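In this text the structure is predicted, and so the values were computed from the model without any measurement. Letters A, B, ... mirror the listed sequences (proteins, then strands); counts begin at 1.
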Number of protein chains: 2
Amino acid sequence: MKALKYSRQRESIKEFLADRRDHPTADTVYMNIRKLYPNISLGTVYRNLSLLASLGEIRKVSCGDGVERFDPNIVPHYHFVCRECGCVQDIPMEPLDGLETMASKGFAGAIDGHTALFYGVCNACRNKEDQ
Amino acid sequence: MKALKYSRQRESIKEFLADRRDHPTADTVYMNIRKLYPNISLGTVYRNLSLLASLGEIRKVSCGDGVERFDPNIVPHYHFVCRECGCVQDIPMEPLDGLETMASKGFAGAIDGHTALFYGVCNACRNKEDQ
DNA sequence: ATTTGTGCAAAAGCTTTGCAAGGAA
DNA sequence: TTCCTTGCAAAGCTTTTGCACAAAT
């Protein structure tokens with residue numbers, strides 16, 4: 001395997017992501033990093049996000065809207081997706097232990113992980129509707 | 001709203017999907033329907049799959065591989081995704097009742113649905129490795 | 001000096017859409 | 001006739017990639 005060299009672009013992507021709880025898309029990352037490094041390219045953002053994800057430093061999250069999101073929290077957890085605004089939030093709940101064993105019953109294959117997505121309308125959207 | 005008119009293309013898409021347990025992609029549907037209607041276009045396939053999904057006759061399934069899949073089974077259920085070949089299978093397990101209530105605890109928003117994806121290696125792939 | 005990372009632009013996938021022609025009601 | 005659906009092609013979006021140059025070791 002190849003050695004990893006320092007890059008301030010990668011570093012700033014990591015730092016930017018670390019503070020975010022909203023699971024930004026590659027484009028959001030790009031738009032924000034550009035404030036600091038106006039010449040950074042979208043390709044570089046994608047390359048680094050992929051790299052960081054494969055290193056296990058961040059996590060790629062698919063929420064079914066055709067765009068990948070990135071999460072600095074690598075501890076297993078569930079997500080909520082708002083049907084109206086599409087925002088993604090963490091669910092304050094421990095992942096169910098033993099769910100994989102349960103799912104394995106009568107299933108032809110070896111299960112070793114799971115994710116869950118919850119759907120609904122976020123509070124911000126509900127407040128808007130009330131008015 | 002607009003009235004729905006019969007189309008043999010849509011009908012054949014529905015029939016094709018009805019027999020499948022493997023959650024085909026739009027392209028797979030297209031390739032297969034073409035055997036019957038060689039002039040059908042990919043756009044028509046996409047339009048009808050979207051329409052059928054919005055009518056609730058089929059279900060769009062996102063499995064995190066950047067491609068949408070389509071499922072004739074509209075009853076809520078969980079899916080398994082093979083890490084090696086990417087195949088998608090149904091999990092023989094009832095969706096957990098009360099999971100949404102559990103997830104709602106301490107969460108800012110109204111939850112009214114959920115999906116779950118299980119990961120692992122399917123039997124077909126495991127058998128290949130053994131040899 | 002060597003090897004990795006970047007910026008730019010082009011290309012690649014998947015999906016959607018505009019439009020004129022065809023088909024159902 | 002009226003309105004829906006189709007085929008075709010173009011466009012849209014997100015993501016990946018080739019390449020020459022820049023930066024790190």
Margin query: Taking CD in A:Glu57 as the centre, count heavy atoms belonging to other residues, nucleotides or ligands within less than 6.0 Å. Is the count above 12?
Written below: yes
Using whole Å, what does the distance between atom [atom2] of nucleotide [N] and atom [atom1] of [X] come to?
X       : N      : atom1 : atom2 : result
A:Leu55 : C:dT4  : CG    : C1'   : 14 Å
B:Leu42 : D:dG7  : CG    : P     : 11 Å
B:Leu51 : C:dT17 : CG    : C1'   : 16 Å
B:Asn48 : D:dT6  : CG    : C1'   : 9 Å

[X] side chain near [N] phosphate (N/O to OP1/OP2, under 4.0 Å):
X       : N      : value
B:Ser41 : D:dC8  : no
B:Gln9  : C:dG23 : no
A:Tyr46 : D:dT16 : no

Protein-nucleotides 18-22 of chain C N/O pairs closer than 3.5 Å?
| from | atom 1 | to | atom 2 | distance (Å) |
| --- | --- | --- | --- | --- |
| C:dG18 | O6 | B:Arg47 | NH1 | 3.3 |

Does the side chain of [X] reach to within under 4.5 Å of the side chain of [Y], using non-hydrogen atoms?
X       : Y       : value
B:Arg10 : B:Leu4  : yes
A:Leu52 : A:Arg59 : no
A:Val29 : A:Phe16 : yes

Margin query: Side chain of B:Lys2, heavy atoms from C-beta onward: which of D:dT5, C:dT6, C:dT4 has the nearest atom to it?
Written below: D:dT5
Check: Given D:dG7, D:dT5, C:dT15, which nucleotide is nearest the side-chain atoms of B:Thr44?
Finding: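 Minimum distance to the B:Thr44 side chain belongs to D:dG7.
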Next item on the list: Locate the shortest heavy-atom distance separating B:Glu100 from B:Ser104; write the atom from each residue and the value.
Entry: O-OG, 2.7 Å
Notebook entry, point to check: What heavy-atom pair brings B:Arg126 and A:Gly109 nearest, and what distance separates the two atoms?
Noted result: NH2-C, 3.9 Å
Note to self: Against A:Phe107, only a single residue in B:Phe118, B:Tyr78, B:Phe80 fulfils ring-ring contact (aromatic ring centres under 6.0 Å, His included); can you say which?
What the structure shows: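 Checked B:Phe118, B:Tyr78, B:Phe80 against A:Phe107; only one passes ring-ring contact (aromatic ring centres under 6.0 Å, His included): B:Phe80.
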Checklist line | Partner residues of B:Glu84 under the side chain to side chain contact (heavy atoms under 4.5 Å, CB included) criterion, sequence neighbours left out | finding: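 Expected list: B:Cys82, B:Val121, B:Cys125, B:Glu129.
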Next item on the list: Go through the structure and list residues passing ring pair (Phe, Tyr, Trp, His ring centres under 6.0 Å) with A:Phe70, not counting sequence neighbours.
Entry: none
Please list each protein N or O that sits under 3.5 Å from an N or O in nucleotides 23-25 of chain D, with the distance.
| from | atom 1 | to | atom 2 | distance (Å) |
| --- | --- | --- | --- | --- |
| D:dA24 | N3 | A:Lys5 | NZ | 3.1 |
| D:dT25 | OP1 | A:Tyr6 | N | 3.4 |

Item checked: A:Glu68 and A:Thr25: side chain donor to acceptor below 3.5 Å -> no
Notebook entry, point to check: Taking the six-membered ring for Trp, are B:His77 and B:His23 parallel (under 30°), tilted (30 to 60°) or perpendicular (over 60°)?
Noted result: tilted
Next item on the list: Could you walk me through whether A:Met102 and B:Met93 pass side-chain contact (heavy atoms from CB on, under 4.5 Å), step by step?
Entry: CA-CA 8 Å; A:Met102 212 185 297; B:Met93 166 187 169; 3.7 Å; yes
Item checked: Closest-nucleotide ordering on DNA chain C, the 5'-leading residue of A:Gly43 and B:Glu68 -> A:Gly43
Notebook entry, point to check: Between A:Arg69 and B:Arg10, which is nearer to the 5' end of DNA chain D once each is assigned its nearest nucleotide?
Noted result: B:Arg10
Next item on the list: For DNA chain D, determine which residues of residues 14-40 of chain A have any heavy atom closer than 4.0 angstrom to one of its atoms, and list them numerically.
Entry: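 Residues of residues 14-40 of chain A that come under 4.0 Å of DNA chain D do not exist, since none gets that close.
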Note to self: Roughly what angle, to 10°, lies between the helix axis at the start of the helix from C:dA1-D:dT25 to C:dA25-D:dT1 and the one at its end, five pairs per end?
What the structure shows: 20°
Next item on the list: Please assess B:Lys5 against B:Ser7 for the test side-chain contact (heavy atoms from CB on, under 4.5 Å), listing each intermediate value before the final yes or no.
Entry: CA-CA 6 Å; B:Lys5 284 184 183 172; B:Ser7 111; over 6 Å; no
Notebook entry, point to check: B:Leu17 and B:Asp71: side-chain contact (heavy atoms from CB on, under 4.5 Å), yes or no, with the steps?
Noted result: CA-CA 7 Å; B:Leu17 223 42; B:Asp71 190 344; over 6 Å; no
